[in-house]
Amino acid sequence: MASELTETGFFDRRAENVARDLLGVTLGFCGVGGVIVETEAYHRDDPASHSYRGQTPRNAAMFGPAGRAYVYRSYGMHWCLNMVCQPGSAVLIRALAPTLGLEVMRARRGGLADRLLCSGPGRLAAALGVTGAEDGADIMQPPFRLEPRPREPDIVAGARIGITKAVDELLRFGVRGSPHLSKPFR
DNA sequence: CCCAGGATTGACT
DNA sequence: GTCAATCCTGGGA
């Protein structure tokens, strides 16, 4: 790994590499969170990326410093959390294996099964309590917390989900065999 | 200014 | 499997 999780250098790299290196890392936010098991990379010159057509008010965080959060509203009702990498690129956090503050997250999600608690970008943000208020926030500082992974997990790559452009790129990454993936890899 | 469509989810057939 | 919910962005006129 290029540098420590608490240094900008970790994030100021190609999103694809950061997406792989985030698997197995524990993400905490206000006492809740879990182990990152699924990510997707979005690049500056990527037709599927929000940054593809340049900077706008919504995607401004993607063009700011690396190591910040880019949070956007999806389908008018869900929040999705990204970590900003090199300018105009970011990693979408798609799933966690919940480990921190389980009771709080369960209560927030009204009895949703633990396996589904953080399995999907919208579910994960809802369980953690991440909203647009966190857009642009420094994820290397509280209330965010990042804990290094104990070892490199067995990584699977696949096509990204829910997009209509650049569908062939294998920019979705997951921890092989995790029961918390938002969808299986094939 | 207008309006089609989206990096999703959950309910329902 | 299908489909509506919901809102706001941004491209095009």
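Predicted model, so just to flag it, every value in this text is computed and none were measured.
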What contact category does [X] fall into here, base, sugar-phosphate, or nothing, at under 4.0 angstrom with non-hydrogen atoms?
| X | answer |
| --- | --- |
| A/Arg160 | nothing |
| A/Ile163 | sugar-phosphate |
| A/Arg109 | sugar-phosphate |

Exercise for review: Please report the C-alpha distance between A/Arg172 and A/Ser182 in whole Å, then the side-chain angles of each, then the deciding distance to 0.1 Å, and finally whether the side chain to side chain contact (heavy atoms under 4.5 Å, CB included) criterion is met.
Suggested key: CA-CA 11 Å; A/Arg172 174 181 177 231; A/Ser182 66; 4.0 Å; yes

**Study point:** Derivation and outcome, salt bridge (charged side-chain N to carboxylate O under 4.0 Å, His left out), residues A/Arg94 and A/Glu40
**Key:** CA-CA 7 Å; A/Arg94 286 196 58 92; A/Glu40 278 180 1; 3.7 Å; yes

Exercise for review: State whether A/Arg58 places a side-chain N or O below 4.0 Å from either non-bridging phosphate oxygen (OP1 or OP2) of C/dC8.
Suggested key: no

Exercise for review: Would you please confirm or rule out a distance under 4.0 Å between OP1 or OP2 of C/dG10 and any side-chain N or O of A/Arg53?
Suggested key: no

Revision key, fill the gap. Here the distance between atom P of C/dC7 and atom CH2 of A/Trp79, to the nearest Å, is 11 Å

Point to revise | Distance, rounded to the nearest Å, where A/His78 contributes NE2 and C/dA4 contributes C1' | key: 11 Å

Review point. Any sub-3.5 Å donor-acceptor pair from A/Arg108's side-chain atoms to A/Val104's backbone N or O?
Key: no

Exercise for review: Verify, without hydrogens or angle tests, whether A/Ser89 (side chain) and A/Gln86 (backbone) share a donor-acceptor contact under 3.5 angstrom.
Suggested key: yes

Study note, to complete from the structure: For DNA chain C, the expected dot-bracket line (Watson-Crick or G-U under 3.5 Å, [ ] crossing, | inter-strand) is |||||.||||||.

Check your understanding: Mapping A/Leu112 and A/Tyr42 to their closest nucleotides on DNA chain B, which lands nearer the 5' end?
Key -> A/Tyr42

Exercise for review: With C1' as the reference atom in both, quote the distance from B/dA7 to C/dG1 in angstrom, rounded to an integer.
Suggested key: 23 Å

**Study point:** Note, A/Thr26 side chain near A/Ile36 side chain (heavy atom, < 4.5 Å)
**Key:** no

Practice item. Compare all side-chain heavy atoms of A/Val25 with those of A/Leu5 and state whether any distance is below 4.5 angstrom. Key: yes

Practice item. Please check if the distance between the ring centroids of A/Tyr72 and A/His50 is under 6.0 Å. Key: yes

Review point. A/Phe144 vs A/Phe29 aromatic rings, parallel, tilted or perpendicular, using cut-offs 30° and 60°?
Key: tilted

Point to revise | cation_pi(A/Arg73, A/Tyr75) dist<6.0 Å, angle<=45 | key: no

Practice item. Extract, from 5' to 3' on DNA chain B, the first and final nucleotides lying under 4.0 angstrom from some heavy atom of chain A. Key: B/dG6 to B/dG10

